[in-house]
Amino acid sequence: MKTIKRWGPPVLLLTPSIILMAVFVYGLIVANFATSATDNHTSAQATGVQPTVFVGIGNYLDLLASEAFQHSLKNLLLYTVVFLVGTMVIGFVWAWLLERPMRGEGIFRSVYLFPMAVSFIASGVVWRWLLNSNEGEQALGLNRLFQMIGLDFLQNPWWNNISWGIAAIALPAIWQLSGYVMALFLAGFRGVPEELREAGRMDGASEWQVYRHVIFPQLSPVALSALIIIGHMSLKAFDLIMSISKPSNYQTKVPAVDMYVFKSSFDYANSAAVGAILLIIVAVLVIPYLIHTNRKEASGR
């Protein structure tokens with residue numbers, strides 16, 4: 001009876017959430033993997049008019065062997081690298097510059113964090129014009145700006161480039177989320193006790209040595225968290241790419257766009273397979289981070 005009184009209320013409180021997660025998160029993940037293991041590639045099969053057959057990992061093998069999907073994976077890797085490096089470097093540098101309180105800091109932070117309040121769709125519409133590929137007399141956006149200031153050699157096709165076009169779409173993503181990374185690093189800088197700084201200075205360390213040997217090592221948990229969060233977001237990139245480019249544009253294809261295209265053509269099996277591949281990639285990144293965090297918390301108790 002005492003056990004029921006002790007555990008009953010918490011269990012009752014958590015039960016609805018557990019049921020919802022079991023059905024709409026893990027249940028749907030299982031259903032997605034089940035669909036990806038069938039030959040459900042037509043509208044007749046999707047509507048149940050024709051039967052589906054279990055094909056195992058056949059869809060995964062066909063996708064990974066496809067040159068088009070390999071191009072999507074390459075684009076995803078390039079987008080992720082440019083996005084990660086850009087946001088981490090810019091966010092860290094700005095946080096470092098703001099590390100010491102200064103006049104007008106609140107205004108600057110508000111302006112720099114404002115892009116986060118804009119949806120990817122809205123910013124994508126603006127950046128589609130800025131990244132216009134027209135050059136010469138027909139130049140618009142950034143190409144027109146380069147032409148006006150005498151830097152014509154910087155004009156380029158931006159996202160219309162077959163090999164590097166996806167890197168251009170990472171630019172608005174960097175603009176939009178580097179402020180978030182700045183806020184994370186700034187909180188990390190402000191969280192370093194002043195006593196540690198003073199102890200380093202008393203030991204004869206220069207200001208740069210204090211940063212290098214005392215402050216920067218304290219920021220490693222923040223950097224790891226930012227890396228996981230931004231990396232996770234980059235792997236799911238979809239709305240920004242769709243608002244700048246189109247699903248049919250080969251040069252800016254990523255797996256999330258492939259998933260949308262497959263689903264739109266009633267190819268549910270390949271769409272589910274792409275979703276499963278993305279889930280596996282995200283899990284490979286996130287699960288080690290969660291294990292590391294849990295071990296660190298357990299050792300600190």
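Formation of a donor-acceptor pair under 3.5 Å by the Gln155 side chain with backbone atoms of Ala139 is not found in this model. A donor-acceptor contact shorter than 3.5 Å links the side chain of Gln176 to the backbone of Pro115. Panel note: side chain Asn132, backbone Leu140; no donor-acceptor pair is recorded below 3.5 Å.
Taking OG of Ser66 as the reference point, atom CD of Gln70 lies at 7.0 Å (rounded to 0.5 Å). Atom OG of residue Ser225 and atom CG of residue Leu219 lie 11.5 Å apart, to the nearest 0.5 angstrom. Rounding to the nearest 0.5 Å places CD of Gln138 at 10.5 Å from CZ of Arg144. Interatomic distance, CG of Leu14 versus CD1 of Ile19, reported as 11.0 Å (0.5 Å rounding). For the atom pair Lys253 NZ and Leu76 CG, the distance stands at 11.5 Å (nearest 0.5 Å). Note: Ser245 OG to Ile166 CD1 = 8.0 Å, rounded to the nearest 0.5 Å.
Side chains of Asp267 and Asn270: a donor on one and an acceptor on the other come within 3.5 Å. Looking at Gln251 and Asn161, their side chains never bring a donor and an acceptor atom within 3.5 Å of each other. Glu99 and Tyr211 share a donor-acceptor pair across their side chains, judged by distance under 3.5 Å alone. Side chain to side chain, Thr38 and Thr52 fail the donor-acceptor criterion of an N or O pair below 3.5 Å.
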Is there a side chain to side chain contact (heavy atoms under 4.5 Å, CB included) between Leu196 and Ile215 once you walk through the steps? CA-CA 8 Å; Leu196 290 178; Ile215 300 176; over 6 Å; no

CA sep, side-chain torsions, deciding dist, call: Trp127, Ser243, side chain to side chain contact (heavy atoms under 4.5 Å, CB included): CA-CA 9 Å; Trp127 278 91; Ser243 61; over 6 Å; no

Where do Tyr26 and Val30 land on the side chain to side chain contact (heavy atoms under 4.5 Å, CB included) test, with the steps shown first? CA-CA 6 Å; Tyr26 299 105; Val30 172; 5.6 Å; no

Residue pair Trp158, Asn143: steps toward the side chain to side chain donor-acceptor pair (under 3.5 Å) verdict: CA-CA 9 Å; Trp158 297 108; Asn143 282 346; 2.9 Å; yes

Apply side chain to side chain contact (heavy atoms under 4.5 Å, CB included) to Thr252 and Tyr79, showing your working. CA-CA 10 Å; Thr252 55; Tyr79 177 87; over 6 Å; no

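Both Val85 and Met233 belong to a common hydrophobic cluster when Ile, Leu, Val, Met, Phe, Trp and Tyr are linked at side-chain heavy-atom distances under 4.5 angstrom. Two different hydrophobic clusters hold Leu97 and Phe114 under the rule that ILVMFWY side chains link at heavy-atom gaps under 4.5 Å. In terms of hydrophobic clustering, with Ile, Leu, Val, Met, Phe, Trp and Tyr side chains grouped at heavy-atom distances under 4.5 Å, Phe33 and Val25 are assigned to a common cluster. Follow the hydrophobic side-chain contacts under 4.5 Å out from Ile287 and you never reach Met21; the two are in separate clusters. Val55 and Leu63 fall into different hydrophobic clusters, where Ile, Leu, Val, Met, Phe, Trp and Tyr residues are linked whenever their side-chain heavy atoms come under 4.5 Å apart, directly or through other members.
Pairing each heavy atom of Ala226 with each of Leu184, the nearest pair is CB-CD1, 3.8 Å. Here the shortest heavy-atom pairing between Ala168 and Pro172 reads O-CD, 3.3 Å. When all heavy atoms are compared, the tightest approach of Ala256 to Ala237 is CB-O, 3.4 Å. Scanning all heavy atoms of the two residues, the minimum distance from Met259 to Val274 falls at CB-CG1, 3.9 Å. Shown here for Asn40 and Ala46, the closest heavy-atom pair between the two residues is OD1-N, 3.3 Å. Shown here for Val222 and Gly188, the closest heavy-atom pair between the two residues is CG2-CA, 4.0 Å.
The 12-atom threshold is not exceeded at OH of Tyr180, counting heavy atoms of other residues, nucleotides or ligands nearer than 6.0 Å. Environment of OH in Tyr60: crowded, with over 12 heavy atoms of neighbouring residues, nucleotides or ligands closer than 6.0 Å. Around the CD atom of Glu194, the shell of radius 6.0 Å holds more than 12 heavy atoms that belong to other residues, nucleotides or ligands. Counted within 6.0 Å of CH2 on Trp175, heavy atoms from surrounding residues, nucleotides or ligands total more than 12; the atom is thus considered enclosed. Summarising the local packing, CG of Leu145 is surrounded by more than 12 heavy atoms from other residues, nucleotides or ligands at distances under 6.0 Å.
Here the side chains of Val254 and Val257 are in contact, with some heavy-atom distance below 4.5 Å. Leu278 has its side chain out of reach of Lys236: every pair of non-hydrogen atoms, C-beta onward, lies at least 4.5 Å apart. Side-chain contact check for Leu240 versus Ser123: some heavy-atom pair is nearer than 4.5 Å. The shortest side-chain heavy-atom distance between Asp152 and Phe146 does not fall under the 4.5 Å cut-off. A heavy-atom distance below 4.5 Å is not found between the side chains of Phe266 and Thr42. With contacts defined as side-chain heavy-atom distances shorter than 4.5 Å, the pair Asn160/Leu131 does not qualify. Proximity of Asn59 to His41: side-chain heavy atoms (C-beta onward) are separated by under 4.5 Å at one or more points. Leu177 has its side chain within reach of Phe83: a pair of non-hydrogen atoms, C-beta onward, lies under 4.5 Å apart.
For Glu207 and Arg212, the salt-bridge test fails: no basic side-chain N is under 4.0 Å from an acidic carboxylate O.
In summary, of the residues considered (Leu77, Thr80, Ile229), a side chain to side chain contact (heavy atoms under 4.5 Å, CB included) with Ser234 occurs for Thr80 alone.
Proximity of the aromatic rings of Phe216 and Trp96 is defined here by a centroid distance below 6.0 angstrom, and this criterion is met.
Between Phe189 and Phe92, the ring-plane angle classifies as tilted under the 30° and 60° cut-offs.
Screening residues 236-256 for ring pair (Phe, Tyr, Trp, His ring centres under 6.0 Å) gives His71-Tyr250, Phe238-Tyr260 as the qualifying pairs, with residues at least two apart or on separate chains.
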